[in-house]
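See structure below.
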Amino acid sequence: MDGAKLTVSGVLNDSPFDTSDSPTIICTEETFQKLTKEQTYKVIDIQLMKKASDADVAGLRSLVDAQGRDIQFSDRRESKEMVNSTYWAFTLFVYAFLAVIALITILNIVNSISLSVSARKKQYGFMRAAGMEGGQILRMITAEAATYGVIGLIVGCAAGLPLYRYLYRLMITHYFGIEPPIPWIPLFICFGITVVSVCVAVRTPVKRINRMAITETINEL
């Protein structure tokens, strides 16, 4: 093949399978044989089951050694376990961080509603004295808490979705060409956390107002 002309169909700027500076040529088996003069070059990948033991791997190695040829045998179980361990450690860290953020969100909504109700305790007392029922007060406080939750969802989605698309394109699309999908499940989880936060935030202030005597509120003036 010395002096032979080959047509280049494409050039890869980056490859996730090779981090070296050496060029990587992707070609047909026929072209590879003509370039390297190798007629018997093959790669056999074997995926073992989880219950496979070291004896099974040793048996495969003995089969390769029995051929008496220049065959390279690579056992990548250890590297795969390291990759899996790193993946699970990173996943645990990310979800633990998200759990802390979710807890902070719930506490923030509960605290905001509690402080708001405490600051307007006298107004609620006057409303009860004017004939407002407990159900009406419950709906009023629920509407206030829901407003906080909806605003938080809108602001969070407006800031989080562009950041999610940017990081996805940077870490996934750049290497594998997969476009970022719409994260429906995380969005539903955020919506559920907001609903739970609103329900928890409303419960205690409403009970406190209903237990509060009307005369006690009036005497505080």
Side-chain angles (χ1 to χ4, degrees), residues 10-26 42-65 71-114 145 148-201:
V11 178
L12 290 177
N13 292 329
D14 192 12
S15 173
F17 308 105
D18 188 8
T19 57
S20 63
D21 296 331
S22 301
T24 300
I25 299 176
I26 302 175
K42 297 291 183 181
V43 176
I44 300 177
D45 293 328
I46 300 177
Q47 184 175 2
L48 303 177
M49 300 179 66
K50 292 184 178 180
K51 60 181 180 181
S53 62
D54 293 336
D56 298 327
V57 178
L60 293 174
R61 186 182 294 274
S62 63
L63 291 176
V64 173
D65 295 338
I71 301 176
Q72 182 179 2
F73 184 89
S74 299
D75 184 3
R76 299 187 177 182
R77 291 179 301 161
E78 184 177 354
S79 61
K80 183 178 179 181
E81 290 179 357
M82 293 179 60
V83 171
N84 289 336
S85 300
T86 304
Y87 169 78
W88 285 113
F90 181 76
T91 302
L92 179 62
F93 170 77
V94 170
Y95 280 101
F97 181 71
L98 293 177
V100 172
I101 293 178
L103 181 60
I104 293 175
T105 301
I106 295 175
L107 293 177
N108 186 35
I109 294 178
V110 172
N111 187 53
S112 298
I113 296 300
S114 179
Y148 290 152
V150 170
I151 294 176
L153 282 175
I154 294 175
V155 174
C157 290
L161 288 178
L163 180 61
Y164 153 77
R165 292 179 63 86
Y166 171 76
L167 293 178
Y168 196 98
R169 291 180 181 275
L170 182 65
M171 302 175 65
I172 304 297
T173 307
H174 176 71
Y175 295 103
F176 303 102
I178 303 175
E179 291 297 326
I182 300 177
W184 291 113
I185 295 179
L187 290 177
F188 284 128
I189 293 176
C190 293
F191 178 78
I193 292 175
T194 303
V195 172
V196 171
S197 302
V198 171
C199 295
V200 173

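As the structure is a computational prediction, the values presented were derived from the model and not from experiment. The chain is numbered in sequence order, starting from 1.
- Taking the ring-ring contact (aromatic ring centres under 6.0 Å, His included) definition, one finds that Phe191 meets it with nothing, sequence neighbours left out.
- With sequence neighbours excluded, the residues that form a ring-ring contact (aromatic ring centres under 6.0 Å, His included) with Tyr164 are Tyr168.
- The aromatic rings of Phe93 and Phe90 lie tilted to each other, with the angle between the two planes from 30° to 60°.
- The heavy-atom pair separating Ala201 from Val110 by the smallest distance is CB-CA, 3.6 Å.
- For the side chain to side chain donor-acceptor pair (under 3.5 Å) condition, no pair includes a residue of residues 180-197, sequence neighbours left out.
- To the nearest 0.5 Å, atoms CZ (Phe188) and CD1 (Ile193) are separated by 14.0 Å.
- Note on residues 100-111: no pairs pass side chain to side chain donor-acceptor pair (under 3.5 Å), not counting sequence neighbours.
- Contact of the Pro180 side chain with the Leu167 side chain is not registered, since no non-hydrogen atoms from C-beta on lie closer than 4.5 Å.
- Taken to the nearest 0.5 Å, the CG atom of Leu187 stands 6.0 Å off from the CG atom of Leu161.
- When every heavy atom of Cys157 is checked against every heavy atom of Pro162, the shortest pair comes out as O-CD, 3.7 Å.
- More than 12 heavy atoms of other residues, nucleotides or ligands sit less than 6.0 Å from atom CG of Leu170.
- Sequence neighbours left out, not one pair with a member in residues 82-107 passes salt bridge (charged side-chain N to carboxylate O under 4.0 Å, His left out).
- Considering Leu107, Ile101, Val100 as possible partners of Ile104, the one that fulfils the side chain to side chain contact (heavy atoms under 4.5 Å, CB included) test is Val100.
- Annotation: side-chain hydrogen bond (donor to acceptor under 3.5 Å, both in side chains) contacts of Arg165 (sequence neighbours excluded): none.
- Counting only heavy atoms from C-beta outward, the side chains of Leu92 and Trp88 never approach each other to under 4.5 Å.
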